[in-house]
Asker: 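Here it is, the structure in full.
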Amino acid sequence: MALDLEEDVSTQPAKGKQDIVTGAISVAAILMFVGTGSSVLSTTLQHYFEGGAPADRTLVIALLLNVALILFGWRRHSALSQEVRIRTAAEERAQQLASRDPLTGFLNRRSLAEEGAAMFVRAHRRRKAMALIMLDLDHFKTINDMHGHAVGDALLRAVAVEIAQAMPPIALQARLGGDEFSCGFLFDPQQPDTVERIAERLVARMAQPFEAEGLHLHISCSLGIARSDFDCASIDALMRSADIAMYQAKKSGRNRYAWFDQSMERELQVRNELESGLRMAIPRQEIVPYFEQQVDLQTGRLHGFEVLARWEHPTRGLISPDLFIPIAEETGMIADLSLSIMRQSFIAARDWDPSLSLSINISPWQLRDAWLAQKIIKVLTETGFPANRLEIEITESSLFDNLALAQSIVGSLKNQGARLALDDFGTGYSSLAHLRALPFDRIKIDKSFVMSLNENADSAAIVKAIAGLGESLNLPVTAEGVEDAAIEERLRALGIAKSQGWYYGKPLSVTGVRRMLAERRLLQQPQASGPLTVEIVEPVAGELPEAATNQRLAG
Ligand code: C2E
Ligand code: CA
Ligand code: CA
């Protein structure tokens, strides 16, 4: 399209010259017609009706030529008008395509920036404020994946209609791409509640079911709002602030709106620092495994450990996985991080008592990787850790994305002898269907219920219900978050199989675990050299046992 226009533009001067010549000839013809036509016509009429002298032949020919020229000019004029109309329509369409989103007819990102800049200036001039809303649909990808792109597109169009209806009369409405929309409008700076009412209306409307292609679709949206009169020097800053606020709304649970404030900016800065630090921390093996004891409740025997990632940051100290796992997930680093944690813990556990198992957390993001099982099996093989000592912990949310893929990954791992646990049960959906979707070997009750077991009747009821469910499905249950003897006792009475928590000690580093296992005589004797002692835990170079050597080498 752009090329067609360019071609039109390049042929314009020649055509312009032709048009001027045509116009001049037509005007001359009309003038000659006016000048000669009347005398020739009157002489000719006289000749026929009154028998006067005939008109001068030359003049008649000139007159006929005039008529021909005028007809030619008229035709050319019509052709030109038609061409101008077509060209104007094409230009308008090109303009439309360049500035509008073809699916919804809303502005696109570029034209929002342009028109938003004008509105930003207008707001300032009129002593008003400009509100910019960023709207992102929650879990739109799931709908696209489940029902296909035609349904996804129909849903986006329906959403656009709802947005347009919720906006004040003069508002900018844009689709920035995917399921991301943005709107801008002016408001009285003294009355931000007018903006809030619009945001509330949008959130409420999006939470109602939509009809698209004969389906009833359930979605919700997250909104971020920024205002031009608060710390936003330009439309770009305003859009960025609204975007940051939108991510905050998502983080706080979606289906809501959030105003931008400066603390979000600082949080983002910290996040960005963590992200760039994480990129280097994984290959440097600063992300290390810590081990939380899992105890057999009936016998009191140590059964194994849950592996928990920790970032041993060179300047900030120990960083919690709650801070860096979400970043690793969003940035696609989780796969490398997880495999590194596995490799380190399998190497560390090589000379532990063979009865001790390792439970590894697998993020829902990893279950989108068709090669995950092969990658894990490769690490098992390379480190010599037997698959039957490995338990994989996944949460219910892992089952939403691509159940067939999750089933195939889990199938491959179980074929090798690994076991599967459903983590954090009781939060989220806690559905029986999910429990049946994969061949789970164990349910883990979320720590929030266990920790409040003795103070909160609801928690007690949930723990009891999950214990009953485990019994009827023949699935052993692990309770996490056991902080004192009273909770442990209550869980034992409920028939819970395993427990873990700070009552048994905080998660330990590789060094800490080795010390503890050595004390309990749960370290295997090395084949060649003498018995392992506690001193080996902090080894001196040159006197390393095999496991510690491997750790060093891996580092
Ligand atoms: P999670 O899998 O539910 O792990 C249990 C969390 O509860 C751990 O927090 C553990 O330290 C904490 N906890 C255990 N017992 C107690 C207790 O008695 N009281 C209290 N207050 N807390 C207790 P942590 O280590 O901070 O891990 C948080 C979450 O980070 C984990 O929750 C897991 O979802 C994720 N995570 C940790 N390591 C990894 C990893 O290697 N990969 C993945 N994908 N996620 C990980
Ligand atoms: Ca876990
Ligand atoms: Ca858990």
Side-chain angles (χ1 to χ4, degrees), residues 278 281-282 285-295 297 304-312 317-346 348 357-369 372 375-376 379 390-398 409 419-428 440-455 459 463 477-488 490-491 496 498-510 512-513:
L278 198 55
I282 299 170
Q285 287 195 2
E286 284 173 20
I287 315 290
V288 296
Y290 268 57
F291 300 86
E292 178 164 306
Q293 298 180 47
Q294 295 180 321
V295 176
L297 257 185
F305 300 90
E306 175 171 359
V307 178
L308 296 162
R310 298 282 182 271
W311 185 350
E312 285 179 343
L318 216 55
I319 301 180
S320 146
D322 286 333
L323 275 179
F324 63 82
I325 293 283
I327 299 176
E329 289 177 334
E330 281 166 33
T331 53
M333 289 188 258
I334 188 69
D336 287 346
L337 186 153
S338 182
L339 291 173
S340 162
I341 287 289
M342 278 185 227
R343 183 176 297 277
Q344 293 179 67
S345 49
F346 295 162
S357 63
L358 287 180
S359 295
I360 302 266
N361 291 286
I362 293 290
S363 146
W365 293 69
Q366 292 175 266
L367 288 165
R368 294 178 189 162
D369 175 3
L372 179 68
K375 288 175 183 171
I376 294 177
V379 178
L390 170 67
E391 186 166 270
I392 297 290
E393 294 189 5
I394 65 172
T395 57
E396 274 183 293
S397 50
S398 305
I409 293 171
R419 274 157 295 131
L420 181 69
L422 184 55
D423 203 2
D424 298 346
F425 198 69
T427 62
F440 288 106
D441 299 290
R442 168 176 304 281
I443 312 173
K444 290 187 77 175
I445 312 178
D446 189 70
K447 63 175 178 291
S448 57
F449 307 115
V450 177
M451 281 157 66
S452 55
L453 177 62
N454 281 333
E455 291 105 54
S459 299
V463 174
V477 176
T478 295
E480 64 178 18
V482 179
E483 291 193 343
D484 57 47
I487 294 176
E488 191 199 48
R490 184 90 181 265
L491 291 169
I496 302 290
K498 278 203 291 184
S499 73
Q500 58 179 95
W502 295 352
Y503 177 54
Y504 310 102
K506 292 275 178 78
L508 294 166
S509 66
V510 171
V513 177

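Whatever order the structure lists ligands and atoms in, that order sets their numbers, starting from 1. Computed from a prediction, not measured in an experiment: that's the story for all the values here.
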Asker: State which residue, out of I341, I287, L318, I319, fulfils the side-chain contact (heavy atoms from CB on, under 4.5 Å) condition with R310.
Answerer: L318
Asker: Taking the side chain as every heavy atom from C-beta outward, state whether W502 and P507 have any atom pair closer than 4.5 Å.
Answerer: yes
Asker: Please examine the side chains of L372 and I362, heavy atoms only from C-beta on, and report whether any two atoms are closer than 4.5 Å.
Answerer: yes
Asker: Is any side-chain heavy atom of V510 closer than 4.5 Å to a side-chain heavy atom of V288?
Answerer: no
Asker: If we check side-chain contact (heavy atoms from CB on, under 4.5 Å) with Q500, which of these qualifies: V482, T478, V295?
Answerer: T478
Asker: Short check: any N/O/S atom of S359 below 3.0 Å from the Ca ion (ligand 2)?
Answerer: no
Asker: I need the atoms of ligand 1 closer than 4.0 Å to a non-hydrogen atom of E306, numbered in the order shown.
Answerer: 2 (O), 4 (O)
Asker: Which option, I394, T427, N361, owns the non-hydrogen atom nearest atom 45 (N) of ligand 1?
Answerer: N361
Asker: Any side-chain heavy atom of E312 within less than 4.5 Å of one from Y290?
Answerer: yes
Asker: What about I334: any of its N or O atoms under 3.5 Å from an N or O on ligand 1?
Answerer: no
Asker: If you measure every N/O of Y503 against every N/O of ligand 1, is any gap under 3.5 Å?
Answerer: no
Asker: By number and element, which atoms of ligand 1 are closer than 4.0 Å to a non-hydrogen atom of E483?
Answerer: 17 (C), 18 (O), 19 (N), 20 (C), 21 (N)
Asker: For ligand 1, is there an atom lying under 4.0 Å from some heavy atom of S338?
Answerer: no
Asker: Should you measure from each heavy atom of E292, which atoms of ligand 1 turn up under 4.0 Å away?
Answerer: 10 (C), 11 (O), 13 (N), 14 (C), 15 (N)
Asker: Report, rounded to 10°, the angle at the Ca ion (ligand 2) between the two atoms OE1 (E393) and OD2 (D423).
Answerer: 90°
Asker: Considering only heavy atoms of R310, which atoms of ligand 1 have at least one such atom less than 4.0 Å away?
Answerer: 11 (O), 24 (P), 25 (O)
Asker: Tell me, do I360 and I376 make a side-chain contact under 4.5 Å, heavy atoms counted?
Answerer: no
Asker: Side chains of E329 and S363: do they bring a donor and an acceptor to under 3.5 Å?
Answerer: yes
Asker: Just heavy atoms, cut-off under 4.0 Å: does Q500 contact ligand 1 by side chain, backbone, both, or neither?
Answerer: neither
Asker: Before signing off on this row, confirm whether K447 and ligand 1 have an N or O atom pair separated by under 3.5 Å.
Answerer: yes
Asker: Can you tell if the side chain of L390 reaches within under 4.5 Å of the side chain of M342, non-hydrogen atoms only?
Answerer: no
Asker: May I ask you to check if any N/O/S atom from E306 comes under 3.0 Å of the Ca ion (ligand 2)?
Answerer: yes
Asker: Which atom pair, heavy atoms only, marks the closest approach of L422 to E396?
Answerer: CD1-N, 3.8 Å
Asker: So among D423, T395, T427, which one has a side-chain contact (heavy atoms from CB on, under 4.5 Å) with D446?
Answerer: T427
Asker: Can you tell which part of E480 has a heavy atom less than 4.0 Å from ligand 1: side chain, backbone, both or neither?
Answerer: side chain
Asker: For ligand 1, which atoms have a heavy atom of D423 less than 4.0 angstrom away?
Answerer: 2 (O)
Asker: Under 3.0 Å from the Ca ion (ligand 2) - does any N, O or S atom of D424 fall there?
Answerer: no
Asker: Heavy atoms only: which of V307, D446, L308, D424 lies closest to atom 31 (C) of ligand 1?
Answerer: L308
Asker: Under 4.0 Å from any heavy atom of G501, which atoms of ligand 1 are there?
Answerer: 15 (N), 18 (O)
